[in-house]
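Below you'll find the structure, written out as structure tokens, and then a few comments.
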Number of protein chains: 2
Amino acid sequence: MKNKCCNCLGIDLGGTKIQAGVVDCNAGVVARGRVKTRGIEGSSAVVGRVIEVARSAVEQAGMLMSDIKAVGIGAPGPVDHRTGRVVRAPNLGWRDFPLAQTIEDALGLRVVIDNDVNVGTWGEYKMGAARGFDDCVGVFVGTGIGAGFVINGQLFRGHFLTAGEIGHTTIHADAHLGRRTLENTASRVAIANLLAQLARSGHETVLTEIAEGDIGAIRSKTIAKAFAMNDPLTIGVVNKAAYYIGVAIANVVTLMSLPCVVVGGGLVTAMGGVFVDEIRRAFNANVFPSELQSCQIVGSTLGDDAGIIGAALLVSG
Amino acid sequence: MKNKCCNCLGIDLGGTKIQAGVVDCNAGVVARGRVKTRGIEGSSAVVGRVIEVARSAVEQAGMLMSDIKAVGIGAPGPVDHRTGRVVRAPNLGWRDFPLAQTIEDALGLRVVIDNDVNVGTWGEYKMGAARGFDDCVGVFVGTGIGAGFVINGQLFRGHFLTAGEIGHTTIHADAHLGRRTLENTASRVAIANLLAQLARSGHETVLTEIAEGDIGAIRSKTIAKAFAMNDPLTIGVVNKAAYYIGVAIANVVTLMSLPCVVVGGGLVTAMGGVFVDEIRRAFNANVFPSELQSCQIVGSTLGDDAGIIGAALLVSG
């Protein structure tokens, strides 16, 4: 990164919002843009908004598009990084969509794309909490739960380009009664649904007051607030979720013998270190063999910026 | 493998027995040797038996030691393939044992060692059921349950050299009651213990007749025989074990997006295709996303020879 012209655009294309950032040679975000995705309006509307938010970030940085070296984009669903196509993004109604080419044509810059969770993991690996490790896994807990792998210094996407679906691993199997996955037990949505159900069935909780009237859609910040207020119901539900996340991460590390796990995403960012500590406790109690307890379980240091910084780092390195 | 002198020795050093084979250019086993390990007698006795069985196999092949190109050994426990040392093998009472150097000094040949499960996986990958795939996992079910990974055409051992401990992944977690691992639910030992317990508590089963008086130590062949005799108790227990193995394999493939899974080991070899079919059924019901159902779940084709052929292929390639 000795090149002075190494400013890159990092774009985090999510189901709810699109974020763009101009990222400089030191992985600093020098300007930002943000719009709602509104996937329901169709692919050309979404592409239009990606271009709009990219231009807006460059303008705010006081730059011209020609000052930008290249563009990295993290997109949901399996992404074929080799062809620049989004294989499938149900949130956006996309199937085999040529995202990289479309944005390249519009902005006149080289575009590289990858899966959003891979991109967040790449950011944490290159410039965040996993810096200095050869291998790592990034586990992101929010609406869903996804993971990304770096193996031997490279993103590992797997044969079908779907690697990292930790949210869909089974943590509780029963040959007769079926199973529970990590995502339907410990995601922000699962936690919120369980808390709402318990509150409605008469359990006492501060959530009925602080959830702003909408107990059916409790957000990460509200969960974190109730936890910080020592609400027993919230503490019980959140700690159980952390336990299951720790068990699932222990499974990954028991299988892959990794030296570092970065935990991030909306719920983790909102909850902070206390949540990561609880995950680490469950991890240590379940990983095998015992020397794997020296695997580092660390909270994301890039937080909500992991997506844009990671995307920029796809092309700036 | 155009070299005419590509005969190699493959040695499978297990907790119970040591097997050696002279393996030719086409991965055919042209001669064999086999002795009991008797780890309790100490490391120099075990090393002596490794050398003895190696010499015996070479002699039976009508060769001299100078006709052998090199020696590959699969050993239990974490193995440092770079230094040729066995990190830890509780069965043998070994800790940081310089196995490669010791055998090299004795036989005057180059020796490469690796973990026994990795070696079995390597055999299936190079010359067995996973031939032609870039990535695969080998899952071996016997006394315990272990796995080995090939990623991008190379064995993946992980940072702590312990990758593949699928037997110690949790398949049934409960925040209050603890957990069950795959190994303590579905290994041959777990199956045998459960069947013995059920038989002793009065459940009707042919095992009481065919277990040769020792219901406490039912072997893979006996389980397979009772299954083939349509013993309802055995069928129920074995199919449940296959279900849990399928769930654990689905977790691995959901995480790593692999195109091929080879299932082998003592129990699988004894049970045959019907067991692999049951595992495949559970796999398909639990893997995510659905395109991963095209991952091939195949039975080992090398069977009990996977260890010696894989070990030879460590050095013959």
Side-chain angles (χ1 to χ4, degrees), chain A residues 77-78 87-88 133-137 147 149 151-152 154 156-176 178-181 183 185 239-241 243-244 246-248 250-260 282 285-289 291-292 294-295, chain B residues 77-78 87-88 133-135 137 147 149 151-152 154 156-176 178-181 183 185 239-244 246-248 250-260 282 285-289 291-292 294-295:
Chain A
V87 177
R88 185 178 66 238
F133 289 93
D134 278 344
D135 302 335
C136 75
V137 55
F149 294 109
I151 294 182
N152 296 327
Q154 298 201 301
F156 176 76
R157 304 167 183 92
H159 181 79
F160 300 93
L161 304 170
T162 64
E165 289 286 6
I166 191 175
H168 296 272
T169 60
T170 299
I171 50 158
H172 194 93
D174 189 292
H176 299 301
R179 63 168 188 148
R180 289 216 313 264
T181 65
E183 190 162 297
T185 307
N239 282 351
K240 233 182 255 185
Y243 174 82
Y244 289 116
V247 168
N251 279 355
V252 172
V253 175
T254 294
L255 286 167
M256 299 177 68
S257 198
L258 300 169
C260 179
N286 287 280
V287 77
F288 180 94
E291 65 235 58
L292 295 182
S294 61
C295 167
Chain B
V87 177
R88 188 179 63 241
F133 290 93
D134 279 344
D135 302 335
V137 56
F149 294 110
I151 294 182
N152 296 326
Q154 298 201 301
F156 176 76
R157 305 168 181 92
H159 181 78
F160 300 92
L161 304 170
T162 65
E165 289 287 6
I166 190 174
H168 296 272
T169 61
T170 299
I171 51 156
H172 194 92
D174 189 292
H176 300 302
R179 64 170 188 147
R180 288 216 314 264
T181 64
E183 193 162 295
T185 307
N239 282 351
K240 233 184 253 183
Y243 174 82
Y244 289 117
V247 168
N251 279 355
V252 172
V253 175
T254 294
L255 285 168
M256 298 176 68
S257 197
L258 300 170
C260 179
N286 287 280
V287 76
F288 179 95
E291 65 235 59
L292 295 182
S294 61
C295 168

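Chain identifiers are assigned alphabetically (A, B, ...) following the order of the sequence lines, protein sequences preceding nucleic acid strands; residue numbering begins at 1 within each chain.
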Consider side-chain contact (heavy atoms from CB on, under 4.5 Å). Of Thr181(A), Ile171(A), Leu255(A), Thr169(A), which one does Asn251(B) pass it with?
Thr169(A)
Measure Arg157(B) against the heavy atoms of chain A and call it side chain, backbone, both or neither at under 4.5 Å.
backbone
Among Pro259(B), Gly158(B), Ala250(B), who wins on heavy-atom pairs under 4.5 Å with chain A?
Pro259(B)
Please table the atom pairs, donor to acceptor, closer than 3.5 Å between any side-chain atom in residues 161-168 of chain A and protein atoms at least two apart or in another chain.
residue: Thr162(A); atom: OG1; partner: Ser257(B); partner atom: OG; Å: 2.8

Of the non-hydrogen atoms in Phe156(B) and Ile151(A), which two are nearest, and what is the gap between them?
CE1-CG2, 3.5 Å
Passes side chain to side chain contact (heavy atoms under 4.5 Å, CB included), Arg179(B) versus Val247(A)? Steps please.
CA-CA 9 Å; Arg179(B) 64 170 188 147; Val247(A) 168; 5.9 Å; no
Looking at OG1 of Thr170(B) and OH of Tyr244(A), how far apart are the two atoms once the value is rounded to the nearest 0.5 Å?
11.0 Å
Measuring heavy-atom distances to chain B, does Ala147(A) have an atom under 4.5 Å in its side chain, in its backbone, in both, or in neither?
neither
Would you say that Phe160(B) contacts Pro289(A) through its side chain, given a criterion of any heavy-atom pair below 4.5 Å between the two side chains?
no
Per-residue contact mode, Asp134(B) against chain A (heavy atom under 4.5 angstrom):
neither
Under a 4.5 Å heavy-atom cut-off, does chain B meet the side chain of Thr185(A), its backbone, both or neither?
neither
So does Leu258(A) get a backbone contact from the side chain of His159(B), meaning a donor-acceptor N/O pair under 3.5 Å?
no
Among residues at least two apart in sequence or on other chains, which ones pass side-chain hydrogen bond (donor to acceptor under 3.5 Å, both in side chains) with Gln154(B)?
none
